[in-house]
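Structure, as structure tokens:
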Protein chains: 4
Amino acid sequence: MTTSPAAVPAPGRARGRPRSELARRAVLAAATELLLTRGLGAVSMDAVAARAGVSKATIYRWWPTKETLALDALYSQLSEPTPEPPDTGGLRGDLTELLTGWIERVSGRPFGRVLGALIAEAATDPVFGALYRERYVEPRRAQARLLFRRAIARGEIAAGTDVEAAVDLVYGPLYHRLLHGHAPLTQEFAATVVDVVVAGLGGI
Amino acid sequence: MTTSPAAVPAPGRARGRPRSELARRAVLAAATELLLTRGLGAVSMDAVAARAGVSKATIYRWWPTKETLALDALYSQLSEPTPEPPDTGGLRGDLTELLTGWIERVSGRPFGRVLGALIAEAATDPVFGALYRERYVEPRRAQARLLFRRAIARGEIAAGTDVEAAVDLVYGPLYHRLLHGHAPLTQEFAATVVDVVVAGLGGI
Amino acid sequence: MTTSPAAVPAPGRARGRPRSELARRAVLAAATELLLTRGLGAVSMDAVAARAGVSKATIYRWWPTKETLALDALYSQLSEPTPEPPDTGGLRGDLTELLTGWIERVSGRPFGRVLGALIAEAATDPVFGALYRERYVEPRRAQARLLFRRAIARGEIAAGTDVEAAVDLVYGPLYHRLLHGHAPLTQEFAATVVDVVVAGLGGI
Amino acid sequence: MTTSPAAVPAPGRARGRPRSELARRAVLAAATELLLTRGLGAVSMDAVAARAGVSKATIYRWWPTKETLALDALYSQLSEPTPEPPDTGGLRGDLTELLTGWIERVSGRPFGRVLGALIAEAATDPVFGALYRERYVEPRRAQARLLFRRAIARGEIAAGTDVEAAVDLVYGPLYHRLLHGHAPLTQEFAATVVDVVVAGLGGI
DNA sequence: GTGTAATCGAGACGGTACGTCGAGTCTTGTG
DNA sequence: CACAAGACTCGACGTACCGTCTCGATTACAC
């Protein structure tokens, strides 16, 4: 897994005093705790600094905003060991596997509101938005894209399929429920989404 | 225009000095301007009060939080005169009409980030979330639900269709692009979504 | 005694919520305590706010800098009820009385270093310097000037005497010892100063 | 020029790497520039280090506080080539010569506020105060003392004259104007001071 | 030569205080 | 009552220095 450049010291020539790995971990731990127990709103630089036993300057040295910090904290929590794209031999099975895993990780409750807050920030601040998409969104989309491409290669769905739209068609409804909360984000729902989309794309 | 209950004085016997309609309009105008030009973050009670020439107490008397105020301000801007649910005779046409209208209204640029911020707030604050869903989400879902029910009645799609999931399948991908911004929210994309979903549901 | 405009609300038409006299007193008391027990350096806005149970914003509303605040605090402590200029019938007696009183008040120990710090600030910051001279220096000089003018009127000293220089000649040596601390600031020293200056001006 | 012990490496057997004369000069130059252009407040260890291209640790190795550094910097600037005590044959002439020289050096404008700040620090911090008096005040007082002693020897003034007080009587008024700035520190003022003090001491 | 020792730069670290801003609340006088 | 004005507490913001520390790299004397 690729971690943020901010979270890791440059591997090259270390000149001055090296970065304290202890401090880095303490900050991430404190941020994670605040994030998951009390939400993004509770992740203030002051609170994190106090809880981590670290000075605010140290945090600002490595994370420009609290959103960036929260993103890193979330990463250090949410990152799966080996997020291998599944291969069940069929598009329906592949997608089901992929979405099932995502829902499982994301349903550890506090993630809903945390992701919501991060997406909001991404929608508001273009810089953070780019970072968020690069580090969080794109890797997941890449996996999904792969599944659809394999299905095209197998002849399961049409060669002209708009893969980007297809990805949105499966992830969009899930995010919709996660963020809006108007209905539960269940595995059954994921199954329905997969069924409709696969059928709609001409799959079996 | 549908206004919030908060924005309207109790209809009963007014006892003291009546509410100033002037102040109400000034507040909404100021909030709207800040919201659309500089985002939700710029909608501070202080800024709105100063810009509207109104005291903060007056704002707090009628809107409990700045998010509520922003929602009202957005409403006063985004509310369509007669959002009649379309009837083209077929599901595909109905959905296309519905989504086309939504994309048009929502593409007036600043709405993306404003909606993002509101959804984030809704994901974070349950009280506001309920209000947001009731006033903003539910009306739109109701229209979409209606279209699918008509299609079922016409025999266009299966009687057992999960209408709630179907609604999420068409709105989800659109919100996904609006909020994440990883790809443009075009009418062509909406057409693709409609095509896949209608086909997936067994429609023609 | 004339107090600072900042320390007292305008007596005119009070529009909004009136200033809290309680807060004002608490701030001055806290500042005074810090000033006299631990010096000007300990008078930080944070410390005063914490000790007074008052928010920093409230302090900043009324005192632009901590030096201004310290000056006010010192005033509320050092201000004599009726600092009548003495009249013993002769210049020597008048001056002795005046300086004796000043030394007494100023020898309550911490004042030396506090005045030193304030004078330094006055020498550094022109705005504060003007305020300091107007509120602290000028009243004392006015009294001294009066004594010399009376002595001229009585024919005790020459009519052409440079009164400003004369004032510096009596106060200068005292401040010198107070600030530099190279020798004790005693009443005997004051007597010597008075003797030399009166004799030097042609007095008896 | 007398430099501080801190500013010079121990003359004993140097064991490790010798002190960098380059660094020492760069630090003093940077401190001087900051001191004279922007005041004592601008002499921060960080700023000096950055401006001198030197690490903070190097500064701390040789100067315990920024005030000590400022004092050294001032010294390297203010030190007169040959501060010979004058001898004109009479007390009045000697004092005039002495004070005239001091005023000239000190009137190079920024010195007023710099001295003010240093005196304040001396009044606040006893350790620095002792250093300041030893290195800056005492040498000048010694010269003045000498003049008065010579005048006593010549029979110009009484044998019982309090020399310490006499020194304060001439330097006090000058410092007073320098620090308070309520009136200009001119050569005419110095002449008046000398006249009054010499006359007051029974001199001709 | 080869230690041994003190220097140097760079720069991260825990702190403290800065001055500002926004949130909600409260207290006046006026309409 | 509603309203404007505006003072109040609280808490967070991002920055600036403080004085200390840990590095790797020099640069001398002493063996």
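Per chain, numbering begins at 1; letters A, B, ... match sequence-line order. Everything numeric in this text was worked out from a predicted model, so none of it was measured. Below, each value reflects all heavy atoms present in this structure, side chains not excepted, and no hydrogens, waters or symmetry copies.
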Sugar-phosphate only, base, or nothing, as touched by B:Ala47 at under 4.0 Å among non-hydrogen atoms: nothing
Those residues that, when tested against D:Thr32, pass side chain to side chain contact (heavy atoms under 4.5 Å, CB included) (two or more places apart): D:Leu36, D:Ala73, D:Ser76, D:Gln77
Any D:Thr58 side-chain nitrogen or oxygen under 4.0 Å from OP1 or OP2 of E:dT7: no
Closest-nucleotide 5' rank along DNA chain E - winner of A:Pro18 and C:Ser44: A:Pro18
Touch class at under 4.0 angstrom, heavy-atom based, for A:Lys56 against every strand present: base
Out of F:dC3, E:dA17, E:dG15, whichever nucleotide has its closest atom nearest the side chain of C:Asp46: E:dA17
First of B:Gly53 and A:Tyr60 reached from the 5' end of DNA chain F, by closest nucleotide: B:Gly53
Candidate list B:Val127, B:Leu115, B:Thr68, test side-chain contact (heavy atoms from CB on, under 4.5 Å), partner B:Tyr132, passing option: B:Leu115
Shortest non-hydrogen contact from C:Leu118 toward C:Ala70: CD2-CB, 4.3 Å
pair D:Asp125-D:Glu67: side-chain heavy atoms closer than 4.5 Å: no
Closest to side chain of C:Met45, choosing from E:dA12, E:dG19, F:dC18: E:dG19
Presence of A:Trp63 side-chain N/O under 4.0 Å of F:dG14 phosphate oxygens OP1/OP2: no
Which side-chain N or O atoms in residues 40-54 of chain D pair as donor and acceptor under 3.5 Å with protein atoms at least two apart or in another chain?
from	atom 1	to	atom 2	distance (Å)
D:Ser44	OG	D:Ala47	N	3.0
D:Arg51	NH1	D:Glu33	OE2	3.0

Six-ring centre of A:Trp62, A:Arg24 cation under 6.0 angstrom, axis tolerance 45°: no
Between the first and last five pairs of the helix from E:dG1-F:dC31 to E:dG31-F:dC1, the angle of the axes, rounded to 10 degrees: 10°
Whichever of D:Ala57 and C:Thr65 has its nearest DNA chain E nucleotide further upstream toward 5': D:Ala57
Under-4.0 Å side-chain N/O to phosphate OP1/OP2 contact, D:Arg17 with E:dA6: no
Selected nucleotide, minimal atom distance to C:Arg61 side chain, candidates F:dA12, F:dT9, F:dT26: F:dT9
